[in-house]
Structures are given as structure tokens and as C-alpha cells.
Amino acid sequence: MTFQKDLLAGQNILVTGGGSGLGRAMAERFAALGAGVAIWGRREAPLADTVAAIESAGGRACYATCDVRDPEAIARALDAVEDAGGLLTGLVNNAAGNFLSSSEDLSANAFDAVVKIVLYGTFHTTQALGRRWIERCNGACDPTAHVLSIVTTYAWTGSPFVLPSACAKAGVLAMTRSLAVEWATYGIRANAIAPGPFPTDGAFSRLMPPGVAERARASNPLGRFGEPAELADLAAYLFAPNAGYVNGECVTIDGGSWLKEGGEFAAFVDHPRDELKATMAAMRPKKTR
Ligand code: HXC
Ligand code: NAP
């Protein structure tokens with residue numbers, strides 16, 4: 001265990017998209033660390049399966065089906081999980097939609113589908129729960145009140161072929177930094193995590209053709225993809241009582257990938273190092289004095 005086992009005791013955390021992939025990994029980790037968890041998604045089967053797994057491991061969990069594009073469904077699902085599992089103290093905006101497409105080929109509906117899940121869904125869920133917190137705590141929320149949003153490194157670099165997702169994740173990052181200041185008045189923190197590639201079915205089936213996945217793995221500075229458990233531990237830390245001064249931050253967990261892609265001479269690291277050193281030495285001006 002990275003943490004003491006009751007690290008998140010007393011917290012009750014909603015994870016949107018918690019029935020699969022990284023959302024499920026976070027929900028399971030939070031529950032193992034003593035939090036109650038609530039999970040949302042559109043499909044009932046993965047939600048029920050995740051709740052059963054958490055309960056059989058001794059944790060507390062409940063679910064509600066919800067399409068986060070629909071503010072009325074969000075209100076109903078908040079009521080459902082607070083009735084079943086108690087008042088929520090934390091939120092992970094993890095639900096997302098994405099696919100590869102040339103931007104010139106996107107239909108209006110295709111752009112909407114992604115932006116409405118990622119940006120609108122995150123805003124509507126955060127606002128609906130934030131309003132409840134502000135009303136309940138009369139402007140002085142417990143320091144565990146925390147909104148964590150899962151973005152991605154191309155929220156700030158942009159990326160070809162995933163333009164709706166890049167636009168939406170950039171918006172979620174701006175929302176995080178805006179609320180970190182605005183809602184700190186109420187004791188509510190807002191942070192983000194920017195993962196690099198983590199091999200989940202949802203992401204890789206849509207975004208990583210087999211050959212590309214191998215190249216992405218090989219070109220990562222650490223030579224590997226992330227493990228969902230590593231991301232779940234980072235998220236758990238951000239919900240821990242001792243993280244109470246971390247606010248408005250976006251923590252990257254990508255093995256150094258975006259820095260490598262972004263550096264002017266980063267591609268040099270793919271050359272054999274001895275050859276590269278010999279080339280650089282040959283380029284060095286000879287001493288004349
Ligand atoms: C072009 C596409 C498309 C594609 C759908 N559309 N897939 N256009 N290329 N591959 C278009 C459709 O034709 C339609 O437009 C519109 O988008 C809506 O499609 P629907 O299938 O009706 O939408 P819906 O059932 O709501 O599904 C939403 C979805 C789907 C986003 C399209 O992929 C989904 O449910 N995704 C959820 C899970 C997910 O995406 N996980 C990955 C997260 S990974 P028209 O005009 O025809 O009506 C991630 C991080 C990646 O975000 C970072 C990796 C490093
Ligand atoms: P995933 O398994 O496909 O997760 C997406 C989840 O969102 C699913 O559980 C899905 O459930 C839910 N969802 C989608 N649309 C929804 C909607 N309209 N309403 C409610 N729930 C909805 O993929 P993942 O890789 O774990 O992604 C999790 C998060 O990490 C996302 O925010 C993603 O952008 C981010 N991320 C992932 C990677 C990666 O490499 N895996 C990299 C960077 C960022 P339903 O389909 O049942 O609704």
C-alpha cells in the first residue's frame with residue numbers, strides 16, 4: 001500500500017465514467033482507502049459489475065445511470081446516489097468521449113458529441129454538485145470538498161485528429177483554474193490530472209491502431225505506458241487531507257511524453273546514443289588558442 005488504509009475515510013466521492021478504465025481504477029482505489037464511492041455512466045452493466053467488485057472487496061459503492069450531456073439527468077442521478085450512499089464530498093470528472101477523425105471531415109453532430117460529454121458534462125456535473133455543497137455548508141465547506149477533472153496533455157499542446165477532445169479538455173482545464181480561485185472562498189478545491197497513454201479498452205480501441213500503439217510505447221521516455229493503479233494513487237493523494245493546499249494544479253502523469261514530443265531536439269533521443277555523441281563531438285569547433 002502506498003498510503004495508510006483509511007486515508008480517505010469519511011469521504012464520499014462521485015466518479016463519472018466510473019464503470020470502466022481509469023474511472024473504475026480510481027473508484028476501486030478510493031473505496032480500498034476507506035471512501036464511499038458513487039459511479040455514473042450510460043451503460044448499467046459495467047456500473048453494476050464495478051459496484052459488485054468493490055463491495056466484494058469490502059468497500060462501499062453505489063451507481064446511477066446518467067448521460068452527463070443532460071443536466072436534468074445529472075440532477076436525478078445526484079439525488080439517486082446521495083439517497084443510496086449519503087451526501088457526496090468529492091467529484092472526479094472522468095467521463096469522456098473521443099475518436100480519431102480528420103477535422104475537415106467532422107460533422108456538426110460529431111463535434112457536439114465529444115464536446116457535450118467532456119466540456120458541458122463536466123461543467124453541468126460540477127455546477128450541480130458545487131451548488132449543493134455551497135448551500136449545505138453555508139459558504140464554509142469541509143476542506144475535503146474537491147473537484148478533480150481528468151484532462152490530457154494535449155489540453156495545452158493541442159493535437160491533430162482529436163480536435164473536439166482537445167478543444168473540450170482545454171476548456172475543462174480553464175474551468176479547473178477558474179473555479180480553484182472562485183470556489184476557494186467556499187473551501188472547495190479544484191485540480192486536474194493530465195494522463196499520457198494508459199491502455200484502456202475505451203481509449204485504445206478508438207485511438208490507437210496496433211502499430212501506432214507500439215510506436216507510442218517505444219517513443220515514451222520511460223519506454224512504457226502508464227498503469228491505471230499509478231493514476232489511481234495520484235488521484236487518491238489529491239483527495240487526501242494532506243493535499244488540502246494543492247489547488248488549481250494540473251498534474252501530468254505521462255512518463256515525460258509530452259515534454260519529449262514538445263522539445264525542439266527531443267527526437268535526437270531516438271538515435272543510438274554513442275552515434276549521437278560522436279556526431280555532436282564532430283560538430284564542436286576546434287580550439288584555435
Ligand atoms: C467520425 C464519428 C466517429 C468517428 C462517431 N462519429 N464516431 N465521426 N469518426 N470515429 C459521429 C457520428 O457519425 C455522429 O455524427 C456523432 O459522431 C455522434 O455519434 P454517435 O455514435 O451517435 O454518438 P454517441 O452514441 O453519443 O457516442 C459518443 C461517442 C462514442 C463519443 C461517439 O465514441 C462514445 O460513446 N465514447 C465514450 C467512450 C470513449 O470515447 N472513451 C475514450 C476516452 S479516451 P452524425 O453527423 O453522423 O450524426 C480520451 C483520451 C485520449 O478521451 C488520450 C489518449 C492519449
Ligand atoms: P473509457 O473506459 O472509455 O472511459 C470513459 C467513461 O466515460 C466510460 O465509463 C463511459 O461509460 C463514460 N461516458 C462516456 N460518455 C458518457 C456520457 N455521455 N455520460 C456519462 N458517462 C459517459 O476510457 P478511459 O481511458 O478510462 O478514459 C477515462 C478518462 O481518462 C477520460 O477523461 C479520458 O479522456 C482520460 N484520458 C485517458 C487516457 C488514456 O490513455 N486512457 C489518456 C488521457 C486522458 P458509458 O459508455 O457507459 O457511458
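Order of listing sets the numbers, starting from 1, for every ligand and every atom in it. Note: hydrogens, waters and symmetry copies are ignored here, and every other heavy atom, side chains too, is used. All residue numbers refer to positions in the sequence shown, counting from 1.
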Heavy-atom nearest pair, Asn191 first then Glu249, reads OD1-N, 2.8 Å
Please evaluate residues Phe3 and Asp233 with respect to the criterion side-chain contact (heavy atoms from CB on, under 4.5 Å), reporting the C-alpha separation (whole Å), side-chain torsions for both, the decisive distance (0.1 Å), and the verdict.
CA-CA 9 Å; Phe3 306 113; Asp233 270 356; 3.7 Å; yes
Determine, considering heavy atoms only, which of Gly17, Ser149, Ala168 sits nearest to atom 12 (C) of ligand 2.
Gly17
I'd like to check which ligand 1 atoms, numbered from 1 as shown, lie under 4.0 Å from a non-hydrogen atom of Arg206.
33 (O), 34 (C), 36 (N), 37 (C), 38 (C), 39 (C), 40 (O), 41 (N)
Atom 27 (O) of ligand 2 protein-contacted, heavy-atom criterion under 4.0 angstrom:
no
Ring centres under 6.0 Å, that's the criterion: do Trp133 and Trp183 meet it?
no
Within ligand 1, which atoms have a heavy atom of Arg69 less than 4.0 Å away?
26 (O)
Which pair of non-hydrogen atoms, one from Ser20 and one from Arg43, has the smallest distance, and what is that distance?
OG-NH2, 4.3 Å
Check whether any N or O atom of Arg42, backbone or side chain, sits under 3.5 Å from an N or O atom of ligand 1, and answer yes or no.
yes
Would you say Pro46 and ligand 2 have an N/O pair spaced under 3.5 Å apart?
no
Output, in order, the C-alpha distance, side-chain angles, deciding distance and verdict of side-chain contact (heavy atoms from CB on, under 4.5 Å) for Ile150 and Val92.
CA-CA 7 Å; Ile150 309 303; Val92 184; 4.0 Å; yes
Can you report which non-hydrogen protein atom sits closest to atom 3 (O) of ligand 2, along with the distance?
Gly202 CA, 3.3 Å
Hey, mind stepping through Met208 and Arg217 against side-chain contact (heavy atoms from CB on, under 4.5 Å) and telling me if it holds?
CA-CA 11 Å; Met208 287 279 192; Arg217 187 207 302 274; over 6 Å; no
Is any side-chain heavy atom of Phe204 closer than 4.5 Å to one of Pro197?
yes
What residue and heavy atom of the protein are closest to atom 11 (O) of ligand 2, and at what distance?
Arg43 NH2, 3.6 Å
Could you tell me whether some N/O pair between Thr152 and ligand 2 is separated by less than 3.5 angstrom?
no
One residue to check: Ile117. Relative to ligand 2, which of side chain, backbone, both or neither has a non-hydrogen atom less than 4.0 Å away?
side chain
Linked, directly or transitively: Leu148 and Trp156 (ILVMFWY side chains, under 4.5 Å):
no
Indicate the atoms forming the closest heavy-atom contact of Pro46 with Gly19, along with that distance.
CB-O, 3.4 Å
Quick check: does Leu22 get an N/O under 3.5 Å from an N/O on ligand 2?
yes
Below a 4.0 angstrom heavy-atom separation, can you tell me which part of Asp105, side chain or backbone, both or neither, approaches ligand 1?
neither
Protein contact for atom 10 (N) of ligand 1 (heavy atom, distance under 4.0 Å):
yes
shortest atom 1 (P) of ligand 2-to-protein heavy-atom contact is with Ser20 OG, 3.7 Å
Cys66 and ligand 2 - part of the residue with a heavy-atom distance under 4.0 Å
backbone
Heavy-atom contacts with Ala113 under 4.0 Å: which atoms of ligand 1 show up? List them by number with element.
18 (C)
Give me the residue, atom name and distance of the protein heavy atom closest to atom 19 (N) of ligand 2.
Val68 N, 3.0 Å
Of the listed options Ala216, Pro197, Gly196, Gly226, closest to atom 38 (C) of ligand 2 (non-hydrogen atoms)
Gly196
Specify side chain, backbone, both or neither for Lys169, according to which of its non-hydrogen atoms lie closer than 4.0 Å to ligand 2.
side chain
Using heavy atoms and a threshold below 4.0 Å, how should the contact between Val151 and ligand 2 be classified: side chain, backbone, both, or neither?
backbone
Do the non-hydrogen side-chain atoms of Val246 and His146 ever get within less than 4.5 Å of each other?
no
Check each atom of ligand 1 against the heavy atoms of Ser107 and keep those under 4.0 Å away; list them by number with element.
15 (O), 45 (P), 46 (O)
Are any non-hydrogen side-chain atoms of Cys250 and Thr176 less than 4.5 angstrom apart?
no
Tell me which one of Tyr120, Phe198, Tyr154 gets a heavy atom nearest to atom 40 (O) of ligand 2.
Phe198
Which residue, Asn93, Val151, Val172, Thr152, forms the side chain to side chain contact (heavy atoms under 4.5 Å, CB included) with Val118?
Val172
Ranked by distance from atom 23 (O) of ligand 2, the top protein heavy atom is Thr200 OG1, 3.7 Å
Worked check of side-chain contact (heavy atoms from CB on, under 4.5 Å) between Ser102 and Phe161
CA-CA 5 Å; Ser102 301; Phe161 308 115; 4.1 Å; yes
Which atoms from ligand 1 have a heavy atom of Ala110 less than 4.0 Å away?
8 (N), 11 (C), 15 (O), 16 (C), 17 (O)
Nearest protein heavy atom to atom 14 (C) of ligand 2, by residue and atom, and its distance?
Ala96 O, 3.3 Å
Hey, is atom 19 (O) of ligand 1 under 4.0 Å from any protein heavy atom?
no
Among the heavy atoms of Trp40, does any lie under 4.0 Å from an atom of ligand 2?
no
Among all protein heavy atoms in this structure, tell me which lies nearest to atom 43 (C) of ligand 2, with the distance rounded to 0.1 Å.
Pro195 O, 3.3 Å
From atom 22 (O) of ligand 1, is the closest protein heavy-atom distance below 4.0 Å?
no
Side chain to side chain contact (heavy atoms under 4.5 Å, CB included) partner of Ser101, chosen from Leu106, Val114, Leu163, Val162
Leu106
Can you check atom 16 (C) of ligand 1: any protein non-hydrogen atom closer than 4.0 Å?
yes
Checking Ser165 against Tyr154: is there a side-chain donor and acceptor pair closer than 3.5 Å?
yes
Side chain or backbone, does Asp67 bring an N or O within less than 3.5 Å of an N or O on ligand 2?
yes
Under 4.0 Å from atom 39 (C) of ligand 1, is there at least one protein heavy atom?
yes
Numbered atoms of ligand 2 (with element) below 4.0 Å of Gly21, judged on heavy atoms
2 (O), 26 (O)
I'd like to know if Gly121 contacts ligand 2, where contact means a heavy-atom distance under 4.0 Å to any ligand atom.
no
Sub-3.5 Å donor-acceptor pair from the side chain of Asn220 to the main-chain atoms of Ser257, do we have one?
no
Measure the shortest side-chain to side-chain distance between Leu78 and Leu14 over non-hydrogen atoms and say whether it is less than 4.5 angstrom.
yes
Nearest neighbour of atom 14 (C) of ligand 1 from the list Leu207, Asn98, Asn109, on a heavy-atom basis
Asn109
Does Ala95, backbone or side chain, put an N or O under 3.5 Å from an N or O of ligand 2?
no
Could you name the option among Arg24, Met208, Arg42, Arg206 that has the heavy atom nearest to atom 16 (C) of ligand 2?
Arg42
Can you pull out the closest protein heavy atom to atom 31 (C) of ligand 2? Residue, atom name and distance to 0.1 Å, please.
Asn94 O, 3.1 Å
Using a strict cut-off of 4.0 Å, indicate which atoms of ligand 1 neighbour a heavy atom of Ala96.
37 (C), 38 (C), 39 (C), 40 (O), 41 (N)
